[in-house]
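Below: one structure, written as structure tokens.
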Amino acid sequence: MSHRDIGWSSRSFSRRQALACLAGLAATAMPVRSGQAEVASGRTVRSGLQEIFLTASAADHNFWADSGPATGMLAYDGKVPGPVLRVKQGRPLRVTLHNRLEDDTTIHWHGIRLPNAMDGVPGLTQPPVHSGEAFVYEFSPPDAGTFWYHPHANSLQQQGRGLAGVLIVEEDSPPAVDRDIHWVLTDWRLDDERQIVGGFGNPMEAGMAGRIGSLVSINGSFRQQEAFHDGEIVRLRLINACLARIMRLDFSRYNPIVIAIDGQPCDPHVPVDGRVLLGPAMRVDLILSMNGRPGRLYAIRDDFYPALSYDLSGFVCIGSLSRGRAPGDIGQWSLPRNPLPEPDLAAAARIGITIQGGMMGGMGGMMGTASSNAAWAINGSSMTGDGHAGMRPLATLERHRTYHLSISNDTAWWHPMHLHGLSFLVLKKNGESVPHRKWADTVLLAPRDLVEIAFVADNPGDWMFHCHVTDHQKSGLMTVLRIT
Ligand code: C2O
Ligand code: CU
Ligand code: CU
């Protein structure tokens with residue numbers, strides 16, 4: 001655990017304060033009275049409840065940790081990325097969000113299978129949290145794994161200016177590694193004064209790859225060097241928190257083993273060429289066998305965009321373990337399964353989804369739609385923005401039934417397609433079975449890909465299904481699936 005982690009007990013209210021506060025804070029937005037967010041230290045938390053407070057506000061952040069100017073950003077608790085939330089699987093969690101931004105906001109708990117009212121989509125699942133107000137999120141995360149949180153209101157700007165953080169749901173018995181670390185990977189566009197360049201949502205970018213920044217940070221730093229010992233076994237949790245950038249990271253030096261995808265355990269396997277492909281919002285947990293010579297820096301190369309490959313400042317070797325370990329048999333790294341309902345493929349109902357639009361698509365040029373800011377569509381209809389009241393579901397799904405979705409990308413662009421509230425099994429890509437039992441909440445489609453996924457519709461509510469390239473989502477690549 002790093003010093004920035006917030007454990008569930010480290011910022012606790014006394015029982016009396018918690019109850020007094022809750023008396024005023026129902027699970028709906030309400031104004032914050034001053035003092036309400038003050039946290040008493042050294043008191044016990046109500047047994048079993050994990051209580052966390054997050055404040056979203058403007059903040060200064062220095063990516064270089066030097067004496068140069070800081071960058072004006074938006075942050076949770078003043079930190080970029082936000083505090084690491086480490087919580088226990090299956091235990092009640094309560095997070096009070098205080099909005100000290102000038103803008104409405106919400107928090108979406110990306111990948112968590114939670115009650116619909118806690119999903120953080122403004123208009124669709126909750127009222128937006130206005131400036132100066134608070135909202136209480138309460139749920140018990142059913143699955144252990146690597147998740148993250150970000151706003152779902154004005155998300156291009158809010159996420160693009162710094163609002164995002166990691167949510168780690170701990171396994172009861174985690175794998176025996178020497179260290180458990182995480183990298184939140186985020187790209188930025190900064191000007192000469194180190195300030196974030198505006199122009200979010202420009203239509204040209206929205207119809208192409210989205211807003212890709214030129215500088216990539218690890219955990220909010222451009223200089224992050226992860227110290228390691230030769231011979232260490234490390235669990236590295238990767239989180240792509242970029243608005244649009246896709247990454248292909250070369251971990252081949254460390255014999256990487258993929259143990260989880262989007263928080264969900266998979267059959268442990270060695271990724272092809274030792275490369276990890278990570279679209280926006282996607283997570284991968286790796287087991288790495290660290291090796292190197294003391295004093296040397298080992299960069300991690302990202303070569304997803306061939307002409308633009310670059311090195312992430314990566315690992316620095318600071319010594320060697322007297323008793324180094326070999327990773328041993330790959331099967332020993334398999335994580336305990338999460339309680340996911342098993343799809344009944346034989347009885348599955350089928351839904352076809354076609355992703356359309358974008359520049360230079362098969363039709364040539366931008367798709368024509370009635371709505372002027374729509375560049376994309378799903379099955380011919382474009383929902384734009386971040387979520388709003390009255391979104392008409394694309395389909396109504398029967399609770400407990402298995403659904404088999406065929407998603408075809410009829411565009412010239414990549415799309416990380418994300419479903420809220422559920423995890424799905426990735427069955428096939430372009431007709432070929434996908435190995436290693438890959439559960440996911442976000443699946444990356446290359447241009448012209450056809451991907452098949454399946455899930456049991458066990459979580460009732462209106463769930464968003466959208467591209468996680470935020471520019472694409474905002475300009476039409478979004479829809480809603482309703483489970484009744
Ligand atoms: Cu992480 Cu609707 O998204
Ligand atoms: Cu989500
Ligand atoms: Cu997209």
Side-chain angles (χ1 to χ4, degrees), residues 106-114 116 118-126 137 139 141 143 146-156 158-160 163-167 184 186 205-212 239-246 262-264 279-283 353-359 361 367 374-378 382-388 391 407-424 440-447 449 451 459 461-481:
T106 62
I107 293 182
H108 171 59
W109 307 95
H110 184 116
I112 303 282
R113 300 185 296 131
L114 40 56
N116 196 242
M118 299 291 111
D119 196 42
V121 182
L124 188 69
T125 71
Q126 69 164 88
Y137 293 94
F139 53 91
D143 304 323
T146 306
F147 300 94
W148 67 299
Y149 60 97
H150 62 77
H152 223 291
N154 195 5
S155 46
L156 254 180
Q158 291 190 11
Q159 194 191 320
L163 289 172
V166 191
L167 172 62
V184 180
T186 319
E205 277 182 341
M208 300 173 74
R211 180 178 165 114
I212 295 175
I239 301 104
N240 182 340
C242 299
L243 292 174
R245 178 183 286 273
I246 301 167
D262 289 353
Q264 299 295 352
M282 296 167 73
R283 287 91 63 215
I353 289 184
T354 306
I355 301 169
Q356 300 151 319
M359 301 284 275
M367 63 172 297
W376 307 91
I378 292 177
S382 302
M383 292 185 189
T384 57
D386 294 282
H388 47 82
M391 299 177 84
I407 310 166
S408 79
N409 178 5
D410 281 11
T411 78
W413 302 92
W414 291 73
H415 304 286
M417 298 301 297
H418 169 52
L419 179 59
H420 285 212
L422 302 142
S423 289
F424 49 78
D441 56 57
T442 306
V443 63
L444 185 61
L445 281 82
D449 264 358
V451 168
N459 198 2
D462 282 353
W463 300 109
M464 278 217 165
F465 179 63
H466 64 81
C467 179
H468 223 289
V469 170
T470 313
D471 275 299
H472 294 180
Q473 173 215 306
K474 294 203 60 133
S475 57
L477 236 180
M478 173 166 71
T479 192
V480 171
L481 298 177

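Atoms within a ligand are numbered from 1 in the order they appear, just like the ligands themselves.
Side-chain contact between Asp119 and His108 is present, with heavy atoms from C-beta onward closer than 4.5 Å. Residues Pro447 and Trp414 have side chains in contact (heavy-atom distance under 4.5 Å, counting atoms from C-beta outward). Using a 4.5 Å cut-off on side-chain heavy atoms (C-beta onward), Val443 and Phe424 make contact. Leu243 places none of its side-chain heavy atoms less than 4.5 Å from the side chain of Asp471. Between His418 and His466, the closest side-chain pair of non-hydrogen atoms falls below 4.5 Å. When side chains are defined from C-beta on, Leu477 does not count as touching Trp413, because their heavy atoms never get closer than 4.5 Å.
Near the Cu ion (ligand 2), less than 2.8 Å away, sit the protein N, O or S atoms His108 NE2, His418 NE2. Distances shorter than 2.8 Å separate atom 2 (Cu) of ligand 1 from the protein N/O/S atoms His152 NE2, His420 NE2, His466 NE2.
Scored by the ring-ring contact (aromatic ring centres under 6.0 Å, His included) test, Trp463 finds no partners at all (sequence neighbours excluded). By the side chain to side chain donor-acceptor pair (under 3.5 Å) test, Asn116 pairs with no residue at all, sequence neighbours left out.
Screening Val184, Leu167, Thr186 for a side-chain contact (heavy atoms from CB on, under 4.5 Å) with Ile239, the sole residue that qualifies is Val184.
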